[in-house]
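We're numbering straight along the sequence, starting at 1. Values below: all heavy atoms of this structure, side chains included; hydrogens, waters and symmetry mates excluded.
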Amino acid sequence: MTVGVPSAILASVVTLTVTVAVLLRRPRRALQTRFAALSFTLFLWYTTSAVARFGGDNATRLQLTAALLIAPAALSFFSEILREQFALRRLLTATQFITAVLVVAAFSPWGTHLAFRGVVTVFVVGAIGFVLHILFTQARNATLEAERKRMWYLVLGGLAALVFGLGELVVGAELAAAIGHVAGTAYVYFLYQSVLSRRVIDLVDLVGKAAVLGVLTVVLASIYALLLLWVGTPEPELWLFNTLVASFVILILYDQIRPWVEETAAKLLFRQRYELRRAMGSLLAQLRTTISIDEMTSQVLNAIRDCGHTSCAAVYLASEGEVEFRLEGCRDVEAPEILTVGQQPALLQQLRREHRPIAVDSLADRYRESPDNLTGGDPTTQRDHLRIAEAIETMRSLDAQVVLPMLYDDHMLGILTIGSSQSTGPFSTEEIADFLSVAEACAFIIANSQEYERMLDRDRLVAVGEMAAGIAHEIRNPLGAIKGAAQCLDPATLPAEAIEFVNVIVEETDRLGRVLGQFLEYTRPYRDTSQPTDVNEVVTSAVSLLSKGPLPPHVELTVDLAHSLPKISIDPEHLKQILINLIHNAIEAMPNGGQVTVSTAISRDATGEFRGGERGLHHDHTVIRVHDTGTGIKSTDLPRLFVPFFTTRPRGTGLGLAISARLAQNAGGRIDVSSRPGHGTTFSVRLPHRKS
Ligand code: ADP
Ligand code: MG
């Protein structure tokens, strides 16, 4: 058996596998279907070539038929790649016609004639040559760097496959035929990758990897051959033994050789990429000891700028719940100060949804793919199409070739945008992966530094709180003395206007005393004084206490109690204080009178949380609602209601709700509020039946 047979069989196995792999892919585009057709005709060609080596007229006829089929298949595939080429399409029809005629002729008596073979060869080579010529002009005229590269790969690869493939025609030159088979298969595999992954730059990587693999194969095969030659092959047993020894030696050497070959190939073939990888590696090492965000930003931007392969970079940090991203720093680009979901919706939403890097060339490819679908008029597809266009536009305005999310625990804490230099074109997937590890390291630093800031804030607040409590205490004593002294003045001996001033002193010291008292109450450390408490009883006593005092005119206070409430674990005095605060607020919110209703009820909510190993346990609550028909609360004030010292009342302290919320929290509960400005407000105190 000559070497041409196994190589042809190998080629037919690969082409068939590729055909099946493409056909199995979903969704399948027209390009892929046509590629499958081409790859299938090549499979037929290699199979019939293998068979024809054993002789026979019919085998030759079949081989010629397979060769003929390649022409229209190749034309149809490449005309799909070069969409706008009408010339190719028209030619395709002609080629199909000629192919049909020649196929019929192949099975006529002249089918085995040498001259007929010549005609077929000229026809097929001519058709493929024409396609390559058009690809060549396209490659020369391509404006986009990426597109140009892609075309060049297709032209050069195709030319190599065609020239080597002609080796098949040289009768008796079996090695040439075998090389032709290998070259053809490699080209099919390359096309397969280019049809599946549209990122041209990854094809460059593919070529690089193939080169590494080739060098490695040659190096290892030489070692193998040398070892086998050295020991010779006199007997099968010895031959087997030698093979084992050779395999053993190669296995040991492989691990040493591989990194060296890869490193050297990377250095020689992809110098810039190699340097970028090293730069990112040392940047990552640097970031490991960085804690401040400023330092991080400048380290990242400097390293990216200095690695040569990039044109510009910018770092954005999230604020306002990841809706807004503010520029933290940039190099060599006039980046906008702020990115918001409102203004750059397509890009930011895609980043937030997909949580992975976005490269502008992939977007452009997706954009180019969709026009076909657009004719269907499907609104979803059209919207997608517009979104992609918008995202591309945004990335162009940022001068970014790739944008990377800084992800930490599913949160996008920032964005890194990087532009690639014109000369080197887009980044490869591996480069983007390197950038992504940098973005992840940044996210980690940001999260840590934010947590550190929060801790500092907490410590500061605790210190300020302690200080304030100390001062309040210091003020309270002299305040009592001032009030006492003022009250000691005998009104009979004072002029009339002085009596007025004395009253002001007493009133204001009272007010100050109240503020201090409440403040000290708020800052007092929590002590658990809870006991089983009948909520209805406390409500009744609080309401009757307030009803006894002077109520403003037209204010009505009513109670609506639920029966058979369980006892709640809370200090009854605390609950009373909460209710008095809430009812006071309600009354104060109704300067023109109205109705305050205090009601109690049981509420169940199945939160479905895990507790004690049981799922879906019901957390029962007693809810006390204080409803008024007063002024209501502005929606902008709602988030600040429970913040100490927030008040809208001229004589308010802003501590009532803060204290109440704290007391409710100590009992394991909380206070909710709902309000409609102009209609009224409801505060709901929710107290759990069992404290968790
Ligand atoms: P203060 O009563 O001393 O102002 P609070 O903490 O009790 O302090 O209340 C804070 C603020 O919340 C009040 O100033 C008021 O603006 C608002 N507020 C509280 N309860 C009501 C209510 N029932 N209706 C309208 N506004 C309310
Ligand atoms: Mg109040």
Side-chain angles (χ1 to χ4, degrees), residues 514-515 517-552 555-590 594-605 618-630 633 641-642 644 652-675 680-692:
R514 249 193 342 268
V515 173
Q518 285 192 356
F519 178 70
L520 285 171
E521 174 77 37
Y522 180 70
T523 54
R524 190 182 318 144
Y526 170 65
R527 267 185 310 124
D528 190 3
T529 46
S530 57
Q531 60 188 75
T533 301
D534 185 335
V535 172
N536 283 346
E537 220 176 272
V538 180
V539 170
T540 317
S541 103
V543 170
S544 66
L545 185 81
L546 285 169
S547 314
K548 271 191 214 130
L551 281 184
V555 167
E556 212 183 309
L557 195 54
T558 54
V559 174
D560 176 13
L561 299 178
H563 294 296
S564 56
L565 289 181
K567 291 200 168 183
I568 298 284
S569 161
I570 188 171
D571 183 333
E573 282 309 312
H574 289 175
L575 182 55
K576 198 160 163 184
Q577 198 182 344
I578 295 175
L579 292 173
I580 290 175
N581 284 344
L582 295 182
I583 299 171
H584 255 305
N585 282 350
I587 293 172
E588 277 165 16
M590 302 187 300
Q595 175 124 22
V596 181
T597 318
V598 185
S599 58
T600 56
I602 286 190
S603 121
R604 273 162 182 251
D605 53 17
H618 292 283
H619 297 269
D620 291 351
H621 285 80
T622 290
V623 183
I624 311 163
R625 292 195 180 86
V626 179
H627 172 74
D628 66 61
T629 55
I633 303 170
L641 280 190
F642 297 95
T653 61
L655 283 167
L657 286 179
I659 292 175
S660 307
R662 226 185 102 172
L663 294 177
Q665 263 165 24
N666 288 343
R670 63 166 203 264
I671 302 182
D672 295 329
V673 56
S674 67
S675 182
T681 307
T682 308
F683 279 88
S684 314
V685 185
R686 302 169 64 83
L687 299 169
H689 290 174
R690 246 177 313 154
K691 234 166 130 174
S692 49

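Formation of a donor-acceptor pair under 3.5 Å by the Ser675 side chain with backbone atoms of Ile633 is found in this model. A donor-acceptor pair under 3.5 Å is absent between the side-chain atoms of His574 and the main chain of Ala664, judged by distance alone. Between the side chain of Ser674 and the backbone N or O of Thr681, no donor-acceptor pair lies under 3.5 Å. Side-chain N or O atoms of Ser530 include none that pairs as donor or acceptor with a backbone N or O of Asp528 at under 3.5 Å.
Listed by chain and residue number, nothing satisfies the ring-ring contact (aromatic ring centres under 6.0 Å, His included) test with Phe683 (two or more places apart in sequence, or in another chain). Qualifying side-chain hydrogen bond (donor to acceptor under 3.5 Å, both in side chains) partners for Thr629, counting only residues two or more places apart in sequence or in other chains: none. Residues forming a salt bridge (Lys or Arg N to Asp or Glu O under 4.0 Å) with Glu537 (at least two apart in sequence, or on another chain): none. The side-chain contact (heavy atoms from CB on, under 4.5 Å) check on Ser541 picks up Lys576, with sequence neighbours excluded. Residues passing the side-chain contact (heavy atoms from CB on, under 4.5 Å) test with Ala658 are Tyr522, Pro644, sequence neighbours excluded. Residues that satisfy the side-chain hydrogen bond (donor to acceptor under 3.5 Å, both in side chains) test with Asn581, not counting sequence neighbours, are Ser660. A search for side-chain contact (heavy atoms from CB on, under 4.5 Å) contacts involving Ser547 returns Val543, Leu557, not counting sequence neighbours. Shown here are the side-chain hydrogen bond (donor to acceptor under 3.5 Å, both in side chains) partners of Thr529, two or more places apart in sequence or in another chain: Asp571. Take Asn536 and apply the side-chain contact (heavy atoms from CB on, under 4.5 Å) test, not counting sequence neighbours, and it matches Asp534, Leu561, Leu565, Thr600. Remark: Thr597 pairs with no residue by the side-chain hydrogen bond (donor to acceptor under 3.5 Å, both in side chains) rule, at least two apart or across chains.
In this structure, Ile568 CD1 and Thr622 OG1 are separated by 3.5 Å, a value rounded to the nearest 0.5 Å. The structure places CG of Asp672 at 6.0 Å from CZ of Arg686, a figure rounded to the nearest 0.5 Å. We find the CG-CE distance between Asp628 and Met590 to be 5.5 Å, quoted to the nearest 0.5 Å. Separation of atoms CD (Gln665) and CZ (Phe642) is listed at 9.5 Å; rounding is to 0.5 Å.
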Would Gln577 and Ile659 count as a side chain to side chain contact (heavy atoms under 4.5 Å, CB included) here? Give the steps. CA-CA 9 Å; Gln577 198 182 344; Ile659 292 175; 3.9 Å; yes

Worked verdict on Val673 versus Leu657 for side chain to side chain contact (heavy atoms under 4.5 Å, CB included): CA-CA 11 Å; Val673 56; Leu657 286 179; over 6 Å; no

Test side chain to side chain contact (heavy atoms under 4.5 Å, CB included) on Asp560 and Arg625; report intermediate values, then the result. CA-CA 10 Å; Asp560 176 13; Arg625 292 195 180 86; over 6 Å; no

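Contact of the Val538 side chain with the Ile570 side chain is not registered, since no non-hydrogen atoms from C-beta on lie closer than 4.5 Å. Within the 4.5 Å cutoff, the side chain of Leu687 has heavy atoms near those of the Ile624 side chain. Looking at Ser564 and Ile602, their side chains never come closer than 4.5 Å, going by heavy atoms from C-beta outward. Inter-residue side-chain proximity for Glu556 and Val596 is flagged as unmet; no heavy-atom pair is nearer than 4.5 Å.
Between Ala667 and Ser569, the closest heavy-atom pair is CB-O, 4.0 Å.
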